[in-house]
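Inspection log for the structure reproduced underneath, given as structure tokens.
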Amino acid sequence: MNTPVADQPPEESIDFGRLLAALRRGWPLVAACSAGGLLSAAVLTARTPRMWQADFQIVLADDKGSSGLGSLLSQGGALGALVGAAGGLGGVGGASSQETELKILLSPSVLLPVFDYVKSQLPRDQRAGLSLRGWAGAVGAKAAKGTSVLDVTYQGTDPALVLAASRKLAETYQNYSGRKRQRSLQTLIRYLNDQLAIYKPRAEASRARAEAFANRYTLTSADAVPSSSGGSSSVGVLGDGAGLGSLLSGISAIAGGSNAGSLKVQERELKRRILDLQFQQARVQRTGDRELINMTSGSSMGGMLGSLVTGNGASSANMQELDRVIAERRSRFQDNDPMVVNLQKQRQVLIGVMNRQLLQEISSAIRLAQSQLKALERPPGVVETFQKLSRDANRDANILQNLENNLEEQQLELARDSQPWELISAPTLSDRPIKPQPSRSLTIGLLAGLLAGAGGALLLDRRRGIVHHTDELLELLPYPLLGQLNSSHSERWSGQLDLLAHGPLQGCPQVALIPAGPVGERAAHLAQALQATLQQSDPAAQVLLGSDLLQAGRCQAQLLVAALGVAHKDALSQLQQDLLLQAKPVAGLVLLSDPQAGDDA
């Protein structure tokens, strides 16, 4: 009871109740600042000249025709490297991006003619301080997100001049972009003509070198393409069941000089043919006169081979007729019949003749293939040199063709003379001035005044240092709060004073009532009422009212009395220090409140 209450850790939170109470106490300042802000906004709005705005929209076309340099670079290979090495073109003819068009639109080259026009239309007194840099702020342009549309605006105080200047701006930008595009196309056309003058004789010379080399070594266009050693041949190795006519037909095609492919392919095919022929030659030799070799099996050359083998009268037709007669005789006579035996001998003789003639044809075909293989021999490196010359000739021809195509495309584009942009809405003037906006300006002025007044009221309340809240009082005087008395209704104090007399102050004939701050007459009234209550139990009881702590220390009990809204924080802190130095117990604190005066609990 008679010791200070332990200090509570401060809470890290904002007490909005205190803030509102402080604002209520400083309401005159808040009201004055709000009125000042509102009045200032009204004056500024009245003095601000009315501002009009005209706007129009531009959509950038996908100008593929003018992107000549990009088209050339997209060709790749030698042509792309050639055009890239040209330098100095700096993207001439490329499709302008939105950022580039924005820079062009806001560049001095476009704005200066419009500025001169606007300046000529203004009164003389308004021209003196007008500069291009300052005037350019009235022109705005931005790209619509996700589209190729540019929104262009112009602001001014004269609505007729604003609309005329916007039309002048659109016209100037159109003329400038057209001239820029024409210069780009003309530069690209000159470049293409220069390159054509270089590559036309170069392509003719490389083609002539390749043709001369091919004629010298009897090469064909097939030799210009490198052949893969792992590639499969069109004619495979023939086995026992393969047609001999097909084999000789392939030899005739190669040996006859037909275009069977490159030198390496022909050499590989001839070597395979020779091996197959040698295999068939050995087969015929092993057979001898015992059986007839199948000459026409699976071959379209059977008729030709039959005529070669039976050139002396022993044709395949005679063999078929002889086989028919033998079969007819054997059906009527025994195999040992002299007539059947004689026919079998004639057939055996015919088989021997036909097989010997077949051997001669195979030998001739082998010699022919070997001679053809010998004729295919070339000095080392001839084919590789021809392939390189062919590649050079083809590359130069492709570059020349691409240059000619692009030149024709750019000439057509220059003749067409299209614009890289399209005006999708004509310049239009706003229906009403965009500035000033009275409602917006007054709202901003009022809010600014409220904020300034609230800040000033809070700062002023803090600098005054007056205690307005019970918790602030208890932080400075950490003693038990014994009661809170309404100073406007003293007739209601009797109950609480009786509790004090029979509680903390029981048995104390002398009680010191120490005012904590300028309490005024309310403290004297409390002292009289408390003394009357104590004298009901002890007629000699006394209540001493005063700030003399030495005299108060001689009393049996000390009681603090305070009121909100009158005590200064520094004075209360000093009182607490003095009480600590006095080292006498303090029974507690009695708070006198007056709700009608606006005291905060």
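Keep in mind it's a predicted model, so treat the numbers as computed, not measured.
With hydrogens and angles ignored, the 3.5 Å screen pairs no side-chain donor or acceptor of Gln510 with any backbone N or O of Gln556. In this structure, the side chain of Trp493 engages the main chain of Asn486 through a donor-acceptor pair within 3.5 Å. Using a distance-only test at 3.5 Å, with no hydrogens or angles considered, no donor-acceptor pair links the side chain of Gln542 to the main chain of Pro509. Under a 3.5 Å cut-off, the side chain of His568 and the backbone N or O of Arg464 do form a donor-acceptor pair. Put simply, the side chain of Ser441 never gets that close to the backbone of Pro438: no donor and acceptor are under 3.5 Å apart. Under the 3.5 Å distance criterion, the side-chain polar atoms of His502 are matched with a main-chain donor or acceptor of Asp498.
Closest non-hydrogen pair, Phe56 versus Ser166, comes out as CE2-O, 3.8 Å. Of all non-hydrogen atoms in Leu545 and Ala527, the two that sit nearest each other are CB-CB, 4.2 Å. The two residues Val162 and Thr157 make their nearest non-hydrogen contact at CG2-N, 4.4 Å. The heavy-atom pair separating Gly553 from Gln558 by the smallest distance is N-OE1, 3.8 Å. Shown here for Thr45 and Pro436, the closest heavy-atom pair between the two residues is O-CG, 3.7 Å. Of all non-hydrogen atoms in Leu499 and Pro504, the two that sit nearest each other are O-CD, 3.9 Å.
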Practice item. Take Arg167 and Tyr154 through the side chain to side chain contact (heavy atoms under 4.5 Å, CB included) test and state the conclusion after the steps. Key: CA-CA 10 Å; Arg167 293 171 178 171; Tyr154 174 69; over 6 Å; no
Practice item. Apply the test side chain to side chain contact (heavy atoms under 4.5 Å, CB included) to residues Asp55 and Asp151: give CA-CA distance (whole Å), side-chain angles for both, the deciding distance (0.1 Å), then the verdict. Key: CA-CA 7 Å; Asp55 54 11; Asp151 296 324; over 6 Å; no
Review point. Does the pair Leu534 and Leu500 meet the rule for a side chain to side chain contact (heavy atoms under 4.5 Å, CB included), with working shown?
Key: CA-CA 9 Å; Leu534 291 174; Leu500 286 175; over 6 Å; no
Exercise for review: Test side chain to side chain contact (heavy atoms under 4.5 Å, CB included) on Val566 and Val519 and set out the steps.
Suggested key: CA-CA 7 Å; Val566 293; Val519 182; 5.6 Å; no
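Side-chain contact annotation: Gln574 with Asp570, donor-acceptor N/O pair under 3.5 Å absent.
With sequence neighbours left out, the side-chain hydrogen bond (donor to acceptor under 3.5 Å, both in side chains) criterion links Gln155 to Gln53. Residues passing the salt bridge (Lys or Arg N to Asp or Glu O under 4.0 Å) test with Lys569, sequence neighbours excluded: Glu472.
The distance from atom CG of Leu163 to atom CG of Asp158, rounded to the nearest 0.5 Å, is 10.5 Å. Here Ile189 contributes atom CD1 and Leu196 contributes atom CG; the two are 11.5 Å apart, rounded to the nearest 0.5 Å. Distance CD/Gln484 to OG1/Thr470: 5.5 Å, rounded to 0.5 Å. Separation of atoms CG (Leu132) and NZ (Lys119) is listed at 9.5 Å; rounding is to 0.5 Å. Separating the CG atom in Leu575 from the CG atom in Leu476 is a distance of 10.0 Å, to the nearest 0.5 Å. Separating the CD1 atom in Ile466 from the CG atom in Leu564 is a distance of 11.5 Å, to the nearest 0.5 Å.
Annotation: side chain of Leu560 is in contact with side chain of Leu579 (closest heavy-atom distance under 4.5 Å). Here the side chains of Gln535 and Gln531 are in contact, with some heavy-atom distance below 4.5 Å. Considering only heavy atoms from C-beta on, Val590 stays 4.5 Å or farther from Leu513 through its side chain. Considering only heavy atoms from C-beta on, Thr533 stays 4.5 Å or farther from Leu505 through its side chain. Side chains of Leu106 and Val110 form no contact here, defined as non-hydrogen atoms less than 4.5 Å apart. Looking only at side-chain heavy atoms (C-beta outward), Thr443 and Leu447 come within less than 4.5 Å of each other. Annotation: side chain of Asp194 is not in contact with side chain of Ile198 (no heavy-atom distance under 4.5 Å). The closest side-chain heavy-atom distance from Val561 to Pro515 is below 4.5 Å.
Among Leu559, Val586, Leu549, the single residue meeting the side-chain contact (heavy atoms from CB on, under 4.5 Å) criterion with Ile514 is Leu549.
The environment of CD in Glu408 is sparse: at most 12 heavy-atom neighbours from other residues, nucleotides or ligands sit within 6.0 Å. Within a 6.0 Å radius of CZ in Arg127, other residues, nucleotides and ligands contribute more than 12 heavy atoms.
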